A.B. asks: 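After the structure tokens below, expect a handful of questions from me.
As a basis for the values below, the full set of heavy atoms in this structure was taken, side chains included, without hydrogen atoms, waters or symmetry mates. Residue indices begin at 1 and follow the sequence shown. On a predicted model such as this, the values are computed, not experimentally measured, just so you know.
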Amino acid sequence: MLNRYTFKDELKLWLLKTQLTRKDLINLLQDSNFNEFRGLDNITVSRWATGSTTPPLYKQFYIAKYLGIDIIDIR
């Protein structure tokens, strides 16, 4: 059976692996690429983590990059 990629599950794993809080993630993303993540807040990250919203695919790539995750390694 193939595992299906879901951003919310990957985000949770990434945060566990990197030991970052949601606040840390927000700061990292805004420091790394402010224009793309301007206005990012805890509510938005919480919605990503619950799956009620998902960032656009290009932002998912940015997030993986800034967390040091090789996108090729995603399930």
A.B. asks: Just how far is it from atom CD1 of Ile63 to atom CD1 of Ile69, taken to the nearest 0.5 Å?
C.D. replies: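 Answer for the CD1-CD1 pair, Ile63 versus Ile69, is 11.5 Å.
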
A.B. asks: Checking side-chain contact (heavy atoms from CB on, under 4.5 Å) against Pro55, which of Phe7, Phe61, Phe37 comes through?
C.D. replies: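 Option passing the side-chain contact (heavy atoms from CB on, under 4.5 Å) with Pro55: Phe7.
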
A.B. asks: Suppose we screen for side-chain contact (heavy atoms from CB on, under 4.5 Å). Which residues come up paired with Lys23, at least two apart in sequence or across chains?
C.D. replies: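 Applying side-chain contact (heavy atoms from CB on, under 4.5 Å) to Lys23 gives Thr21, Asn27.
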
A.B. asks: List the residues meeting side-chain contact (heavy atoms from CB on, under 4.5 Å) with Asn42, not counting sequence neighbours, and say none if there are none.
C.D. replies: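 Partners of Asn42 by the side-chain contact (heavy atoms from CB on, under 4.5 Å) criterion, ordered by chain and then number, come out as Arg22, Ile26.
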
A.B. asks: Can you name the side-chain contact (heavy atoms from CB on, under 4.5 Å) partners of Asn35, sequence neighbours left out?
C.D. replies: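 Result, side-chain contact (heavy atoms from CB on, under 4.5 Å) vs Asn35: Asn33, Arg38.
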
A.B. asks: Which heavy atom of Leu11 sits nearest to which heavy atom of Ala49, and what is that distance?
C.D. replies: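 Closest approach of Leu11 to Ala49: CD2-N, 4.0 Å.
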
A.B. asks: Name all residues meeting the side-chain contact (heavy atoms from CB on, under 4.5 Å) criterion together with Ile43; count only those two or more places apart in sequence or in a different chain, and write none if there are none.
C.D. replies: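 Ile43 satisfies side-chain contact (heavy atoms from CB on, under 4.5 Å) with Asp41, Arg47 only.
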
A.B. asks: Which pair of non-hydrogen atoms, one from Thr53 and one from Thr44, has the smallest distance, and what is that distance?
C.D. replies: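 Minimum heavy-atom contact is OG1-O, 4.4 Å.
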
A.B. asks: Looking at Lys12, I'd like to know if its NZ atom is crowded, meaning that more than 12 non-hydrogen atoms belonging to other residues, nucleotides or ligands lie closer than 6.0 Å.
C.D. replies: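 It does: Lys12 NZ has more than 12 such atoms within range.
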
A.B. asks: Step by step, work out the side-chain contact (heavy atoms from CB on, under 4.5 Å) result for Gln60 and Thr54.
C.D. replies: CA-CA 9 Å; Gln60 293 178 44; Thr54 303; 3.3 Å; yes

A.B. asks: Are Phe34 and Tyr58 connected into the same hydrophobic cluster when the rule is that any two of I, L, V, M, F, W, Y join if their side-chain heavy atoms are below 4.5 Å apart?
C.D. replies: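 The answer is no; the residues belong to distinct hydrophobic clusters.
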
A.B. asks: Residues in side chain to side chain donor-acceptor pair (under 3.5 Å) with Ser32, at least two apart?
C.D. replies: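 With neighbours one apart ignored, the set is empty.
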
A.B. asks: What class does the angle between the rings of Tyr66 and Tyr62 fall in, given that below 30° is parallel, 30 to 60° is tilted and above 60° is perpendicular?
C.D. replies: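 Rings of Tyr66 and Tyr62: parallel, as their planes differ by under 30°.
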
A.B. asks: If I compare all heavy atoms of Lys8 with all of Trp48, which pair ends up nearest, and what's the gap?
C.D. replies: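 The pair with the smallest heavy-atom distance is CB-O, 3.2 Å.
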
A.B. asks: Is there a path of hydrophobic side-chain contacts, each under 4.5 Å between heavy atoms of I, L, V, M, F, W or Y residues, that connects Leu16 with Leu29?
C.D. replies: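 Not linked; separate clusters.
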
A.B. asks: What residues form a side chain to side chain donor-acceptor pair (under 3.5 Å) with Gln30, not counting sequence neighbours?
C.D. replies: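 Not a single residue meets the side chain to side chain donor-acceptor pair (under 3.5 Å) criterion with Gln30.
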
A.B. asks: Check step by step if side-chain contact (heavy atoms from CB on, under 4.5 Å) holds for Thr18 and Leu25.
C.D. replies: CA-CA 10 Å; Thr18 58; Leu25 176 64; over 6 Å; no

